[in-house]
Amino acid sequence: MDFGITKAINILTDKLQGWLESLTAMLPNFIVAVLVLVLFYFLARGVKMIAIKVMKRFYDKPALRNLFSTIVYIAVLTIGLMVALNVLHLKQTVTSLLAGAGIIGLALGFAFQDISANFISGVLIAIRKPIQVGDIIEVEDYMGTVEEINLRVTIIRTFQGLHVIIPNKEIFQNPLTNYTKTNERRIDLEVGVSYGDDLEKAKQLAIDAVKDKPWIKHDKEVNLFYTGFGDSSINFVLHLWIEYPDQPGFLEARSQAIMAVKKAFDDNNITIPFPIRTLDFGIKGGETLSDMKMHIGSRNGKQLQTQEA
């Protein structure tokens with residue numbers, strides 16, 4: 001029994017002595033590795049501050065500046081960690097860490113692919129700036145004013161007063177209409193006149209009715225084009241351009257244009273016809289409307305003759 005205890009103590013002592021020798025041999029490298037980590041820590045902080053100052057010149061969004069500066073900060077720290085591990089001759093550990101990081105990143109990418117897609121889309125929107133706060137946009141059947149853009153969603157207020165939260169992926173991948181970019185918009189006013197009216201006169205009256213309105217863009221012509229023969233009217237479309245500050249302004253301009261054209265036509269006896277329908281009450285096995293009228297007429301005639309007799 002004493003022999004076994006003595007042997008165990010000797011083995012433990014040899015192990016401790018070997019570890020002590022290894023630690024003593026690695027002590028200079030360990031000190032260098034700690035110094036490397038401290039150096040890269042301060043270097044990462046300095047690079048982060050420089051990145052924030054540089055980003056301020058190009059991007060006005062604090063979230064985007066913080067994102068890129070944090071990425072730079074983590075990248076510099078990661079490089080410092082790799083250098084420190086190499087100093088300690090732990091190359092296999094570096095390889096294992098890189099492989100583990102790749103696997104974790106792949107797993108997280110699959111697990112949170114929608115969140116990742118919205119996040120990346122938000123970054124691209126912030127860089128390319130297809131929309132800005134205050135713009136009037138239409139996307140996915142939603143139209144309104146942009147109130148907030150962050151790295152995951154965009155918030156718009158519709159003209160009905162509703163707040164709509166739209167994932168950035170939907171904005172980046174789907175067709176987007178930005179009505180604010182050009183500061184102008186065309187109104188397409190569809191009207192019809194009766195077949196008995198003078199088309200040249202109607203055209204001139206419609207153009208004159210709206211061309212001098214204060215909200216019309218005078219550097220663009222007001223155009224009218226006849227588009228076809230309808231069931232009860234000859235149809236045309238009136239094109240007029242307006243300054244476009246907001247959707248209520250567009251609705252008001254279109255409303256005034258409709259009233260102006262209607263008044264001009266009324267003052268000059270130009271008819272905007274109601275829909276005309278011809279009704280035929282004849283059915284299979286029955287009588288047509290004309291035959292019924294003839295039958296009723298002849299019956300009334302016979303009744304009159306009988307009464308006179």
Side-chain angles (χ1 to χ4, degrees), residues 58-65 67 112-192 206-207 209-211 213-228 230 235-262:
F58 301 98
Y59 303 105
D60 56 352
K61 295 184 179 299
L64 192 62
R65 296 198 298 265
L67 172 65
F112 303 101
Q113 54 183 339
D114 288 337
I115 297 176
S116 301
N118 289 323
F119 182 79
I120 295 172
S121 298
V123 173
L124 294 176
I125 288 173
I127 294 175
R128 298 179 60 181
K129 296 182 178 179
I131 59 174
Q132 295 181 4
V133 174
D135 286 356
I136 297 175
I137 67 171
E138 183 176 6
V139 59
E140 288 292 301
D141 298 327
Y142 294 105
M143 183 177 183
T145 304
V146 178
E147 289 198 336
E148 182 181 347
I149 304 172
N150 57 46
L151 294 180
R152 193 179 67 84
V153 298
T154 295
I155 301 174
I156 68 172
R157 178 187 285 272
T158 67
F159 297 112
Q160 291 77 30
L162 302 176
H163 276 86
V164 181
I165 300 175
I166 304 176
N168 286 332
K169 180 180 67 173
E170 303 298 328
I171 292 179
F172 193 75
Q173 293 180 350
N174 292 312
L176 168 71
T177 303
N178 191 333
Y179 293 97
T180 309
K181 284 295 185 182
T182 58
N183 296 319
E184 62 182 14
R185 189 174 176 183
R186 193 182 76 185
I187 296 176
D188 296 346
L189 192 61
E190 297 181 356
V191 195
I207 293 175
V210 298
K211 70 177 183 180
K213 296 296 181 182
W215 32 263
I216 288 287
K217 284 184 65 67
H218 298 290
D219 59 335
K220 291 183 178 289
E221 293 185 3
V222 177
N223 295 314
L224 186 149
F225 303 98
Y226 286 99
T227 58
N235 302 321
F236 68 83
V237 59
L238 186 66
H239 291 170
L240 50 146
W241 291 85
I242 64 169
E243 296 286 350
Y244 186 59
D246 50 29
Q247 180 70 7
F250 169 81
L251 297 177
E252 178 63 24
R254 186 173 62 182
S255 176
Q256 291 187 23
I258 292 173
M259 292 188 293
V261 171
K262 177 66 166 56

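The figures that follow rest on heavy atoms only: side chains count, while hydrogens, waters and symmetry mates do not. The first residue in the sequence is number 1, and the count goes up from there. Here the structure is a predicted model, which means the values were calculated and not measured.
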Which atom names give the shortest non-hydrogen contact between A257 and L240, and what distance separates them?
CB-CD1, 4.2 Å
Between D188 and H239, which heavy-atom pair has the shortest distance, and what is it?
OD1-CD2, 3.2 Å
Quick one: pull up CD1 in I125 and CG in N150 and give me the separation to the nearest 0.5 Å.
10.0 Å
With rounding to the nearest 0.5 Å, note down the distance linking OG in S121 to CD in E170.
9.0 Å
Please step through side-chain hydrogen bond (donor to acceptor under 3.5 Å, both in side chains) for the pair E252 and W215, ending with a clear verdict.
CA-CA 10 Å; E252 178 63 24; W215 32 263; over 6 Å; no
Counting only heavy atoms not in L162, do more than 12 fall under 6.0 Å of its CG?
yes
Before giving the answer on side-chain hydrogen bond (donor to acceptor under 3.5 Å, both in side chains), spell out for T227 and N235 the whole-Å C-alpha distance, their side-chain angles and the decisive distance to 0.1 Å.
CA-CA 6 Å; T227 58; N235 302 321; 5.0 Å; no
Run the side chain to side chain donor-acceptor pair (under 3.5 Å) test against E138 and tell me which residues pass, sequence neighbours left out.
Y179
Between the CG atom in N168 and the OG1 atom in T154, the distance rounded to the nearest 0.5 Å is 4.0 Å
Could you grab the distance from atom CZ of F225 to atom CD of E190, nearest 0.5 Å is fine?
13.5 Å
Is K220 positioned over the aromatic face of W241, cation under 6.0 angstrom from the ring centre and no more than 45 degrees off axis?
yes
Taking atom OH of Y226 as the centre, does the number of heavy atoms from other residues, nucleotides or ligands within less than 6.0 Å exceed 12?
yes
Side chains of N183 and E243: any donor to acceptor distance under 3.5 Å?
no
Interatomic distance, L124 atom CG to K129 atom NZ [nearest 0.5 angstrom]
14.0 Å
Shortest non-hydrogen contact between L238 and I207, atoms and distance
CD1-CG1, 4.2 Å
Under 3.5 Å, side chain of N178 to main-chain N/O of P130, donor-acceptor pair present?
yes
For I136 and M143 the tightest heavy-atom approach is CG2-CE, 4.1 Å
Using the rule side chain to side chain contact (heavy atoms under 4.5 Å, CB included), only one of V139, I171, T180 pairs with I131; which is it?
I171
Which heavy atom of I242 sits nearest a heavy atom of A253, and at what distance?
CD1-CB, 3.9 Å
Nearest 0.5 Å, please: how far is OG1 in T145 from CG in D135?
9.0 Å
Please report the shortest heavy-atom distance between H163 and I155, naming the atom on each side.
CD2-CG2, 3.8 Å
Quick one: are L224 and V237 in side-chain contact, heavy atoms under 4.5 Å?
no
K181 atom NZ, over 12 foreign heavy atoms within 6.0 Å
yes
Evaluate whether atom CD of E221 has more than 12 neighbouring non-hydrogen atoms of other residues, nucleotides or ligands under 6.0 angstrom away.
no
